[in-house]
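Data first, discussion second: the structure below is written as structure tokens.
All values reported here derive from a predicted model rather than from experimental measurement.
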Amino acid sequence: MRVLWLKSDLLLPLDSGGKLRTWHLLRQLARHHEITYLAFAEARTPRALIDGMTEVASHVETVPRAPRPKGSLRFYADAAAHALDRLPYAVGTYRSHAYRRRLNALLARKRFDVLVCDFLVPAVNLPDALPCPAVLFTHNVESEIWRRHADTQTVALRRMLFRAQHKKMQRFEARALARFDGVLAVSDADRLAFGRLYPHALARPIQVVSTGVDTEYFAPAVGPADTGADTSQSRELIFTGSMDWLPNEDAMLYFAREILPVLRAEDPRVHLSIVGRAPTPAVRKLAGDGVTVTGRVDDVRPFMRDAAVYVVPLRIGGGTRLKIFEAMAMGKAVVSTVIGAEGLPVTSDEQLVLADGPVEFARSVLDLLRNRDRRRRLERAARALVLDRFDWSVVARELEDALLGLARAPRQDAELSQSRVAECVLK
């Protein structure tokens, strides 16, 4: 296949779950197929990062874009300033005539078997008509993330801003889904959510391409038969992720303010490490007694190996949940909210522990810190699950089969597609 892959940014450095997921899938796909990769790149992007993309793509095309600060404070200011924009803020910031011109030039110059829009954002720059089948490769149900953002706000003005973004995202997501020949979701939970929210938008049933993990890279410290270093006396907790992503920021603020005090009241030795790129000012302020904020690190594995429990206190769902699979692959006991593990084929008290509410979450963590046998049982079961079902080589075959099937399927009627788009607009 000749694949045109559209993305909002380069994959290097590999510092977020979405980037890692795409990188590993493309690396497998590039072994047998020709991939042209189109994305934005800041002017100051090191040439080595662009050149490094050739490991997963035959051709790499970039469009210049100015850097944009991230974080909740920046969001509130910019979302308010763009209140009259018909597009959701997270999409409108990627609207680009230059990107569209480069995309049109690629489509005119070369015949592609399939176009893949990776995440929803690049869809804002699609031309009205496409000469090849187009697939939307989703990592989230974007509108649901914004709805949950609104639901967690306690300040009326902030809640109003997030609700407005939710409505805009819902309209854009509906129209975008209706334009594609096929849609891929990261989980059955997302597939069902799309079907519930947008029953009139889909050209054909949504297919699921699971999240995966590099089980050789993310492995216990000693070997596959062991669960790693001795953490029997450790009171170290860890969370990893891109800390400029609002759901991760919310999770850490929530944990530090409402869960960690309960833990430290029972055991003052409990300590949390927040490991991930670009911590926002609000996250950096958490550093202090009982909390370490590292910022970007070259390798998260040493931090994970030293931890007794991996925590996922997400209140706003979405994303690949790659962090959970990485922790499970390293043989770590995980405590997550239900939303944090949403869509993963796991069972509470078998491969991890699910707990909602500050007190229940804290008690679950404390129980694992104190009960070594239970923790070891979860660690072994977690590692076994990802080895059996979620190595990237297995997941990549799901993607390849899905793309081949969509590339060979009869294309949807253009008039029917437009009627679906129009119906979504009316709704």
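Taking Phe239 as the reference, nothing meets the ring-ring contact (aromatic ring centres under 6.0 Å, His included) condition, with sequence neighbours excluded. Remark: Asp113 pairs with Arg111 by the side-chain hydrogen bond (donor to acceptor under 3.5 Å, both in side chains) rule, at least two apart or across chains. Evaluation of the ring-ring contact (aromatic ring centres under 6.0 Å, His included) rule for Trp392 yields His24 as partners, not counting sequence neighbours. Evaluation of the ring-ring contact (aromatic ring centres under 6.0 Å, His included) rule for Phe390 yields Phe325 as partners, not counting sequence neighbours. Remark: Thr294 engages no residue in a side-chain hydrogen bond (donor to acceptor under 3.5 Å, both in side chains) (not counting sequence neighbours). For the salt bridge (Lys or Arg N to Asp or Glu O under 4.0 Å) test, residues two or more places apart in sequence or in another chain that qualify with Arg102 are Glu61. Every residue meeting the side-chain hydrogen bond (donor to acceptor under 3.5 Å, both in side chains) condition with Asp118, not counting sequence neighbours, appears here in chain and number order: Trp5, Thr22, His139.
To the nearest 0.5 Å, atom CG of residue Asp250 and atom CG of residue Leu314 are 8.0 Å apart. One finds the NE2 atom of His33 at 11.0 Å from the OG atom of Ser58 (value rounded to the nearest 0.5 Å). Atom CG of Asn140 and atom CD1 of Ile145 lie 3.5 Å apart (nearest 0.5 Å). Summarising the geometry, atom CG belonging to Leu20 is positioned 11.0 Å from atom NZ belonging to Lys323; distances are rounded to the nearest 0.5 Å. For the atom pair Ile316 CD1 and Trp146 CH2, the distance stands at 9.0 Å (nearest 0.5 Å). In this structure, the separation between CD1 on Ile206 and OG1 on Thr138 is 7.0 Å, given to the nearest 0.5 Å.
Ion pair Arg147/Glu144 flagged as a salt bridge, since at least one NZ, NE, NH1 or NH2 atom sits closer than 4.0 Å to an Asp/Glu carboxylate oxygen. Between Asp391 and Arg389 there is no salt bridge, since none of the side-chain N atoms of the basic residue sits less than 4.0 Å from a carboxylate O of the acidic one. Look at Lys7 and Asp9 and you find a salt bridge, because one of the NZ, NE, NH1 or NH2 atoms lies within 4.0 Å of a carboxylate O, short of that distance. Salt-bridge formation is not detected for the pair Asp388/Arg383: no Lys NZ or Arg NE/NH1/NH2 atom is positioned less than 4.0 Å from an Asp or Glu carboxylate oxygen. Ionic pairing of Asp367 and Arg363 is not present here: no N-O contact between side-chain nitrogen and carboxylate oxygen is shorter than 4.0 angstrom. Salt bridge Arg191/Asp188: present, at least one basic N to carboxylate O contact under 4.0 Å.
Listed by first and then second residue, the side-chain hydrogen bond (donor to acceptor under 3.5 Å, both in side chains) pairs involving residues 350-361 amount to none (not counting sequence neighbours). For residues 30-59, the salt bridge (Lys or Arg N to Asp or Glu O under 4.0 Å) pairs, not counting sequence neighbours, are Glu34-Lys110, Glu42-Arg44, Arg47-Asp51. Pairs passing the side-chain hydrogen bond (donor to acceptor under 3.5 Å, both in side chains) check and including a residue from residues 159-170, sequence neighbours excluded, do not occur. Residues in residues 393-409 take part in no salt bridge (Lys or Arg N to Asp or Glu O under 4.0 Å) pair, two or more places apart or across chains.
In plain terms, the two heavy atoms of Ser364 and Val335 that are nearest each other are CB-CG1, 4.0 Å. When all heavy atoms of Ala189 and Gly343 are compared, the pair lying nearest together is CB-CA, 3.6 Å. Lys332 and Ala382 make their closest contact through O-CB, 4.4 Å (heavy atoms, listed as atom of the first residue, atom of the second, distance). Between Asp181 and Ala203, the shortest heavy-atom contact is O-CB, 3.9 Å. Heavy atoms only, all atoms of each residue included: Pro220 and Arg305 are closest at C-NE, 4.4 Å.
Under the 3.5 Å distance criterion, the side-chain polar atoms of Asn125 are matched with a main-chain donor or acceptor of Ser96. Panel note: side chain Ser234, backbone Glu236; a donor-acceptor pair is recorded below 3.5 Å. Distance alone, capped at 3.5 Å, is enough to place a donor-acceptor pair between the Arg375 side chain and the Leu368 backbone. Panel note: side chain Thr54, backbone Ala57; no donor-acceptor pair is recorded below 3.5 Å. Here the side chain of Arg2 pairs no donor or acceptor atom with the backbone of Val114 at under 3.5 angstrom. Remark: the backbone N or O of Leu38 is paired with a side-chain donor or acceptor of Tyr99 at under 3.5 angstrom. Arg284 places a side-chain N or O within donor-acceptor distance of the main-chain N or O of Pro279, the cut-off being under 3.5 Å.
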Using distance only, find each side-chain donor-acceptor pair of residues 254-266 under 3.5 Å and give its atom names and separation, not counting sequence neighbours.
from: Arg264; atom 1: NH1; to: Pro268; atom 2: O; distance (Å): 3.0
from: Arg264; atom 1: NH1; to: Val270; atom 2: O; distance (Å): 2.7
from: Arg264; atom 1: NH2; to: Asp289; atom 2: OD1; distance (Å): 3.1
from: Arg264; atom 1: NH2; to: Asp289; atom 2: OD2; distance (Å): 3.1
from: Glu266; atom 1: OE1; to: Arg370; atom 2: NH2; distance (Å): 3.4

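Cation-pi geometry between Arg65 and Tyr94 is met: the NZ or CZ atom falls under 6.0 Å from the ring centre, inside 45° of the normal.
Looking at Ser393 and Gln28, their side chains never bring a donor and an acceptor atom within 3.5 Å of each other. Between the side chains of Tyr37 and Thr62, no donor-acceptor pair is found at a separation under 3.5 Å.
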Dump the intermediate steps for salt bridge (charged side-chain N to carboxylate O under 4.0 Å, His left out) on Arg376 and Glu379, then the final yes or no. CA-CA 5 Å; Arg376 290 289 189 246; Glu379 291 169 349; 2.9 Å; yes
Stepwise salt bridge (charged side-chain N to carboxylate O under 4.0 Å, His left out) check, Arg148 with Glu342: CA-CA 13 Å; Arg148 286 169 174 167; Glu342 187 176 41; 2.9 Å; yes
Which is it for Asp306 and Arg301 under the salt bridge (charged side-chain N to carboxylate O under 4.0 Å, His left out) test, yes or no, and what are the steps along the way? CA-CA 9 Å; Asp306 289 341; Arg301 292 174 298 171; over 6 Å; no
Can you check side chain to side chain contact (heavy atoms under 4.5 Å, CB included) on Leu10 and Thr45, steps first, answer last? CA-CA 10 Å; Leu10 297 173; Thr45 299; 3.9 Å; yes
Evaluation steps, salt bridge (charged side-chain N to carboxylate O under 4.0 Å, His left out), between Arg296 and Asp298: CA-CA 7 Å; Arg296 185 184 180 277; Asp298 291 331; 3.1 Å; yes
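Around the CZ atom of Arg86, the shell of radius 6.0 Å holds no more than 12 heavy atoms that belong to other residues, nucleotides or ligands.
Side-chain contact between Leu120 and Phe172 is present, with heavy atoms from C-beta onward closer than 4.5 Å.
Tested against His149, the residues Tyr89, Trp245, Phe162 include a single ring-ring contact (aromatic ring centres under 6.0 Å, His included) partner, Phe162.
Not less than 6.0 angstrom separates the ring centroid of Phe137 from the ring centroid of Phe119.
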